[in-house]
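Worksheet: the structure to be examined is printed underneath.
What's counted below: heavy atoms across the whole structure, side chains too, no hydrogens, waters or symmetry copies.
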Amino acid sequence: MQQTRLDLDRIRAARRIIDPVFLDTPLYRCEALEPGLGCAVSIKLETANPVRSFKARGTELVAGLLAGGASPAAVCASAGNLGQALAWSGRDRGIDVTVVASRSAARVKLDRIRALGARLELVDGDHEMARERATAIARHDGIRLVEDSLDVETCEGAATIGLELAHTAPAFDTVLIALGGGALATGVGHVVKALLPGVEVICVQPRGAPAMTRSWHARRVVTTESADTIADGVAGRRPIPEVLDDLLLVADDAVLVEEASIITGMRLLLDHAGLVVEPSAALGIAAILENRDRFAGRHVVTIVCGGNVDMDDYRQWVGLVAA
């Protein structure tokens, strides 16, 4: 395999730095889902931790590097999950954390960022506007800018999920990964291709936020003017060139799914797995729903990557609103 920015030895070493509470998350075959999907389905549950997403695997590495500095401080732009994770990882290490988010971000995510002690700055506009503001703060204050997916620590932290998949049984032949900025996909993809080269790595993105998928197919950065999806965690518009380069080396395919399929996936995970998930976490199930013939007879692993969702929105999406 050609070289990505990631390193397998560093990824293995990362397990000694990341708080064990974020490691070895549940992985199990969910037979109740299978009759409706037509394939064997295993779930890697990344919501069973204090920040209810995989993001802290990466922020633990970032915070470990920052801790011990004279006046450690960091700023990030976040749709919500990265901000929570950085706040959690920085809190006990004495790191002053600032999170910039869109004013329209999920309220549950913003509330949790504040509760974890981070300074929260809201901007009008989308996540790309938040990225611009976070960059300006880092430059003005002379502090560390944590850039999800561009900072290799965020990718290598996520890659520890791949190590856990590689040591599982029974064997699987496909892994479905939510695709946003690319940290999860490049991290897990790197390890899977290194240790399980016969496993197909398929990235999944909403049709309403297709920038990274279009870029993967074009083999060059393709930006979009807007993003329109309920899956806020993967709603970027401007792919990072270095991340795309990595993705091109580890992904076998990148597919787009409809909003209706995402919602159906969320409902299936509730009804048949007892899981309340955010839209990004249902992208893998949505991909199976839209490509039943492709996955028929396979054993598919889908990474349930986040569970931070405003319950009022969730009830409306999955049809739990009282008549």
Side-chain angles (χ1 to χ4, degrees), residues 1-30 39-49 53-62 64 148-149 151-204 212 216 242-255 281 283-284 287-288 294-295 297-305:
M1 187 179 72
Q2 291 177 270
Q3 294 300 305
T4 70
R5 297 175 302 140
L6 284 71
D7 179 83
L8 196 57
D9 288 336
R10 289 200 306 261
I11 294 164
R12 291 189 173 110
R15 285 183 55 87
R16 299 193 294 269
I17 300 170
I18 298 168
D19 189 316
V21 74
F22 299 108
L23 298 173
D24 300 311
T25 51
L27 172 66
Y28 57 94
R29 185 167 169 182
C30 188
C39 61
V41 180
S42 288
I43 287 171
K44 180 63 168 166
L45 188 61
E46 288 297 306
T47 64
N49 63 57
S53 84
F54 74 95
K55 294 288 189 181
R57 291 180 184 251
T59 59
E60 285 286 278
L61 300 184
V62 172
D148 198 17
S149 305
D151 287 0
V152 73
E153 296 88 358
T154 63
C155 304
E156 291 182 340
T160 58
I161 297 170
L163 291 179
E164 293 164 21
L165 293 177
H167 292 96
T168 189
F172 57 95
D173 50 33
T174 306
V175 59
L176 296 170
I177 310 173
L179 179 60
L184 183 63
T186 59
V188 174
H190 178 91
V191 175
V192 168
K193 287 305 174 187
L195 302 182
L196 303 169
V199 172
E200 187 176 25
V201 174
I202 301 176
C203 303
V204 190
M212 186 61 99
W216 185 89
E242 295 90 335
V243 182
L244 175 61
D245 289 343
D246 291 341
L247 191 68
L248 289 169
L249 295 175
V250 302
D252 294 299
D253 200 3
V255 301
L283 286 168
I288 301 172
R294 176 175 186 174
F295 297 107
R298 297 192 186 187
H299 185 172
V300 176
V301 170
T302 182
I303 301 172
V304 176
C305 56

Report the C-alpha separation of Arg57 and Glu46 in whole Å, then their side-chain angles, then the decisive distance to 0.1 Å, and conclude whether the salt bridge (Lys or Arg N to Asp or Glu O under 4.0 Å) test is met. CA-CA 10 Å; Arg57 291 180 184 251; Glu46 288 297 306; 3.0 Å; yes
Leu8/Leu195 under side chain to side chain contact (heavy atoms under 4.5 Å, CB included): CA gap, chis, key distance, verdict: CA-CA 10 Å; Leu8 196 57; Leu195 302 182; 3.9 Å; yes
Yes or no on side-chain hydrogen bond (donor to acceptor under 3.5 Å, both in side chains) for Lys44 and Thr302, after CA distance, side-chain angles and deciding distance? CA-CA 6 Å; Lys44 180 63 168 166; Thr302 182; over 6 Å; no
For Val192 and Val250, what are the C-alpha separation, side-chain angles and deciding distance, and is it a side chain to side chain contact (heavy atoms under 4.5 Å, CB included)? CA-CA 8 Å; Val192 168; Val250 302; over 6 Å; no
Decide yes or no on side chain to side chain contact (heavy atoms under 4.5 Å, CB included) for Glu164 and Asp24, but give the supporting numbers first. CA-CA 7 Å; Glu164 293 164 21; Asp24 300 311; 3.8 Å; yes
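Contact detail for Gly187 and Leu6: the closest heavy-atom pair is CA-CD2, 3.6 Å. When every heavy atom of Leu196 is checked against every heavy atom of Phe172, the shortest pair comes out as CD1-CZ, 3.9 Å. Across all their heavy atoms, Ile11 and Leu163 have their closest contact at CG2-CD1, 3.7 Å. The minimum heavy-atom distance linking Phe295 with Val300 is given by the pair CD2-CG2, 4.0 Å. The shortest heavy-atom contact between Gly162 and Val191 is C-CG1, 3.5 Å. Nearest heavy-atom pair across Ala178 and Leu184 is O-CD2, 4.1 Å.
Formation of a donor-acceptor pair under 3.5 Å by the Arg298 side chain with backbone atoms of Thr174 is not found in this model. Asp151 places no side-chain N or O within donor-acceptor distance of the main-chain N or O of Thr154, the cut-off being under 3.5 Å. Not one N or O on the side chain of Glu153 forms a donor-acceptor pair closer than 3.5 Å with the backbone of Val62. The closest donor-acceptor contact from the side chain of Ser149 to the backbone of Ala183 lies under 3.5 Å. With hydrogens and angles disregarded, a donor-acceptor distance shorter than 3.5 Å links the side chain of Glu156 to the backbone of Asp7.
The closest side-chain heavy-atom distance from Ile288 to Cys39 is below 4.5 Å. Residues Val175 and Ile202 fail the side-chain proximity criterion, which asks for heavy atoms closer than 4.5 Å. Side-chain contact check for Thr4 versus Asp245: every heavy-atom pair is 4.5 Å or farther apart. Between Cys155 and Arg5 the shortest side-chain heavy-atom distance falls below 4.5 Å. Put simply, the side chain of Asp252 reaches to within 4.5 Å of the side chain of Lys193, judged on heavy atoms. Looking at heavy atoms from C-beta onward, Val188 lies in side-chain contact with Ile303 at the 4.5 angstrom threshold. The side-chain heavy atoms of Val243 and Thr186, taken from C-beta on, include a pair separated by under 4.5 Å. Residues Asp173 and Glu200 have side chains not in contact (no heavy-atom distance under 4.5 Å, counting atoms from C-beta outward).
Under the 4.0 Å criterion applied to side-chain N and carboxylate O atoms, Arg294 and Asp253 are assigned as salt-bridge partners.
Residues Ser42 and His299 have side chains that bring a donor and an acceptor to within less than 3.5 angstrom of each other. Counting only N and O atoms by type, the side chains of Thr160 and Arg15 include no donor and acceptor under 3.5 Å apart.
Going from atom OG1 of Thr25 over to atom CD1 of Ile161 covers 6.5 Å, rounded to the nearest 0.5 Å. Annotation: the span from Leu61 atom CG to Ile18 atom CD1 amounts to 4.5 Å, rounded to 0.5 Å.
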